[in-house]
Every structure is written in C-alpha cells, then in structure tokens.
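For reference, the structure is listed below as structure tokens.
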Amino acid sequence: MSYKLSVSPDYNPEQLSGWFIFNTWLQKTFGQAVHFDVYDDFSGQRQAINDNKIDLIYANPYDAGVLMREKNFVPLVCPHKKTDEALIAVANKHLAQNVEELDMGCRVAYTQDPSVQMMGMIMLEPADLNKNDVRPILCENYILIAKNLIKGQADVGFFLTEAYDHLSNLVRKQLRPLVRSQIFIIHHTLMIHPDMLAKMPNLQQALLEMPKQTTGLDALHNLGFDCWDAIGQEEMEFMIDVVDTLRS
Amino acid sequence: MKELKDMRPEDMRGDYQETVLTYADNRARRVLYTQEEIPYPEGRLIVSTTDVTGIITHVNQSFVDMSGFSTEELMDAPHYILRHPDMPPAAFKDLWDTIEQGKKWFGYVKNLRKDGAYYWVYATVIPNVRDGQIVSYTSVRRKPSRTKVHECETFYPTLF
C-alpha cells in the first residue's frame, strides 16, 4: 500500500525539490511507499481531501481548520520559528504611502492562497475596504503580482512575506511594502489522516529527530527551516480559533 | 480571580478624569482616564483567551504592549479591566448574549490602558467549542477603520 503526501499549493516553487527530498527521507525512514502528489491549485487539492486521497499533508493555516474539524486530521509538527505572515505592497511610484490612502475600487492582485487573502483583506480594513470594494486580479504566483504592480495594472498586491522577501533585488527595488503583518500565531502544519493515527507516535518522533541525521537536516534546510516543533491538539485548536475570528 | 484594584494616579500620563465603574458581576472600581489616544500598531493582532466567566487565561505580546499591563497583571484578571467608561454597557451585554449562544461577536471597542490612555480596536470574539461545550472565549483585535471609529464616537454616547 502506498500513502499519499501533499503540500499546500502555496509552497515556494524553489522548495518543490525540497519536498521531493523530504518524501524520499520519509519513505526511507518508514520503509513504506509514499507518493508525493503536487497540486497546482487549491480546489484540486480540496477535492482530493474530500475524496480521501491524502494521508499526510503540509496544510496552510486556513485549510487546517477544515482538515482537523471536518476531516479529523491530526496535527503532527509545524516548522520551528516559521509563522505565516502577509504583506501589502505597491509599486515604488504609487502615490499611496499607507493603507488608509487607498481608495474604493483599488485594484488588488493576489494569489489563490486563502491565508494570504485573509490577512491581506484584514490589513485593508483600516482603509474602509472590504472584498466588495476592490477590483480583484487573481494571479498564478507572486512574480505575476509583482509584474502587475510594476506595470501599473494593479494598485496593491498581497504577498506571503516569505515570498516577497525571496523576490529578486531587481524586482523588490521597484516595489514598496505598505504594511507587514506581525501575527506570530498562524503557521503551516504537517497533519495526518485519522486512519494513520497508529503511526503517529513513531512518525512524530522521527520528524522531531530529523536534525540529528545529516540527511534529515539537509532535507529540512531544503524546505527552508532547521527543525520541526511538535504541536498538540489544543495548540492547534487555538490557532484555528484565531483564524476563525479573522474570517469575518 | 485577582483582587480588583482601583486605578492609581501615579500610573496616569497627564491630566485625568475619574469615575467609578460597576461591572456585571457587581464589583466596582475607581477608573482614571485621559484624553490621549494610542494609535493601533500596523499589522498586529491583539489576542487573548478567557474562561467562560471572562477571566483572562492567555495573552499575546501585542496585548501586553497595547494595554500597558504586564502579562502577570493581565493573567487571571477579569477582561473588563480594559473597559473604558465611554463604552456603553449595552455593547458588552450584546457581546455576552451573543457568545453565550455559541455565536461570533464583532464590534468596535474603545479600550482603556493602565496609564489612562485609550486605543480603538475592531474586536472579534468567538466561543471555543470542545466536544460540543463552550470551554473558553478567544478575542482577536485588529486595527479599525477610522470612519467606523468616528461613527462609534457619535453613536455610543446615545446608548447610555
């Protein structure tokens, strides 16, 4: 039998190879076949979740609530000191110096990432803007958001802060952040399907001990962090509660 | 729950006014307040959790920074120590009526700091339901729209 690993489609494309390496480590450690399924969009992955086609998932904070409360997925670990933050940026030449100067009808470029959309819209609220007051421009990735801003085809862009910080210097020099979130609570989480519950203790232990092996540490570095932290049910419930308060 | 202490003149920043607030649990305290507004910090969320009676059980650093209280002072204290005298009691009755029914509440709130200054927030409070029971409440506050704050400054005094 082969298990299915999936990653929230908001992953950094540069880290895709890192996830394949992680999957190889996973198979080697457990002596079990694990197939890594990559989804280009959130709807495709949600369908796979609904069809019970995913056993292990690196979930974004927005989807984690559905996975845990509706699908009974169990949280295993989260990346150490790596929280999800969002940023609103404009082109350097844009007149707005702060969010409050943005007007109704402003053109907002964003990706499908639900967590970043949520945090971005929250940071627009001080300008009296909600989703009905802006003109949305859905982009496939953060590079295209930057392109829209630089070309003057969008007024503001919502970025995952990590993605913004990884844009090339040349691109970033043409952009200007208006506001960065400092939430510190919301993070991605590796979760397992309830049918795999019996494997949870060994799996969690192995993940926590990854940095002790060279191959494990290399695999983690390819994902952009140094180690995993264990996360308990109640800690996860708290994060989901916070995300719930932000959905309004 | 902690002993409810009166606010102290030595904690105030500048000229202050004084009143006595009586809360829903019939406890009362002397409240001192100034006319200084502290701007809500960009991009931050103030997060706290209380038990079902409103006693604080968790605070984040943004809460500590904005309220002027230490973590130790906030923990185990009633959340109403942040209540500003300009906030109509009807707003908090509506909050409690809503969350006790298991529903989410949101609204604009003027909060009182330890030093008598105030800050406006857009607050959301949700019941934390575990195994079908409300076990606690989580409140998340974020930067409000100034237009909404101005509306509340006009509307709230009519609710007393």
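Within every chain, numbering begins at 1; the chains are lettered A, B, ... in the order of the sequence lines, protein sequences first and strands thereafter.
Between chain B and the options A:Glu237, A:Met123, A:Arg180, the largest number of non-hydrogen pairs under 4.5 Å is found for A:Glu237. With chain A as the partner, the residue from B:Ile46, B:Val140, B:Val129, B:Asn60 showing the most heavy-atom pairs under 4.5 Å is B:Val140. Between chain A and the options B:Arg130, B:Arg44, B:Lys143, B:Glu42, heavy-atom pairs under 4.5 Å are most frequent for B:Arg130. Taking chain A as the reference chain and counting heavy-atom pairs below 4.5 Å, the highest number among B:Val125, B:Thr147, B:Val149 is found for B:Thr147.
The backbone N or O of A:Asp244 sits less than 3.5 Å from a side-chain atom of B:Lys104, completing a donor-acceptor pair.
Nearest heavy-atom pair, A:Thr245 versus B:Thr124, reported as atom, atom and distance to 0.1 Å: O-CG2, 3.4 Å.
By the 6.0 Å contact criterion, CE on A:Met104 is open, its count of non-hydrogen atoms from other residues, nucleotides or ligands being 12 or less. Counting heavy atoms of neighbouring residues, nucleotides and ligands inside a 6.0 Å radius, atom NZ of A:Lys147 does not exceed 12 of them. A 6.0 Å sphere centred on CG of A:Asn132 holds more than 12 heavy atoms belonging to other residues, nucleotides or ligands. Dense packing is recorded around NZ of B:Lys2, with more than 12 heavy atoms of other residues, nucleotides or ligands lying under 6.0 Å away. Counting heavy atoms of neighbouring residues, nucleotides and ligands inside a 6.0 Å radius, atom CD of B:Gln133 does not exceed 12 of them. In this structure, B:Asp15 places its CG atom where only 12 or fewer heavy-atom neighbours from other residues, nucleotides or ligands lie under 6.0 Å away.
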Verdict with supporting geometry, B:Leu45 and A:Leu246, side chain to side chain contact (heavy atoms under 4.5 Å, CB included): CA-CA 10 Å; B:Leu45 291 180; A:Leu246 301 177; 3.9 Å; yes
Side chain to side chain contact (heavy atoms under 4.5 Å, CB included) assessment of B:Gln61 paired with A:Phe184: CA-CA 10 Å; B:Gln61 190 56 44; A:Phe184 306 124; over 6 Å; no
Criterion side chain to side chain contact (heavy atoms under 4.5 Å, CB included) on A:Ile122 and B:Tyr122, from CA distance to verdict: CA-CA 10 Å; A:Ile122 284 170; B:Tyr122 177 61; over 6 Å; no
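Within the 4.5 Å cutoff, no side-chain heavy atoms of A:Asp241 are placed close to those of B:Tyr137.
Residues satisfying the ring-ring contact (aromatic ring centres under 6.0 Å, His included) test with B:Phe63, not counting sequence neighbours, are B:His79.
Taken to the nearest 0.5 Å, the CG atom of B:Asn128 stands 7.5 Å off from the CD atom of A:Glu234.
The residues A:Glu100 and B:Arg146 are annotated as not salt-bridged, no charged nitrogen and carboxylate oxygen being separated by less than 4.0 angstrom.
Residue contact with chain B, scored on non-hydrogen atoms closer than 4.5 Å, involves the side chain of A:Ile185 exclusively. With a threshold of 4.5 angstrom between heavy atoms, B:Thr49 approaches chain A through side-chain atoms but not through N, CA, C or O.
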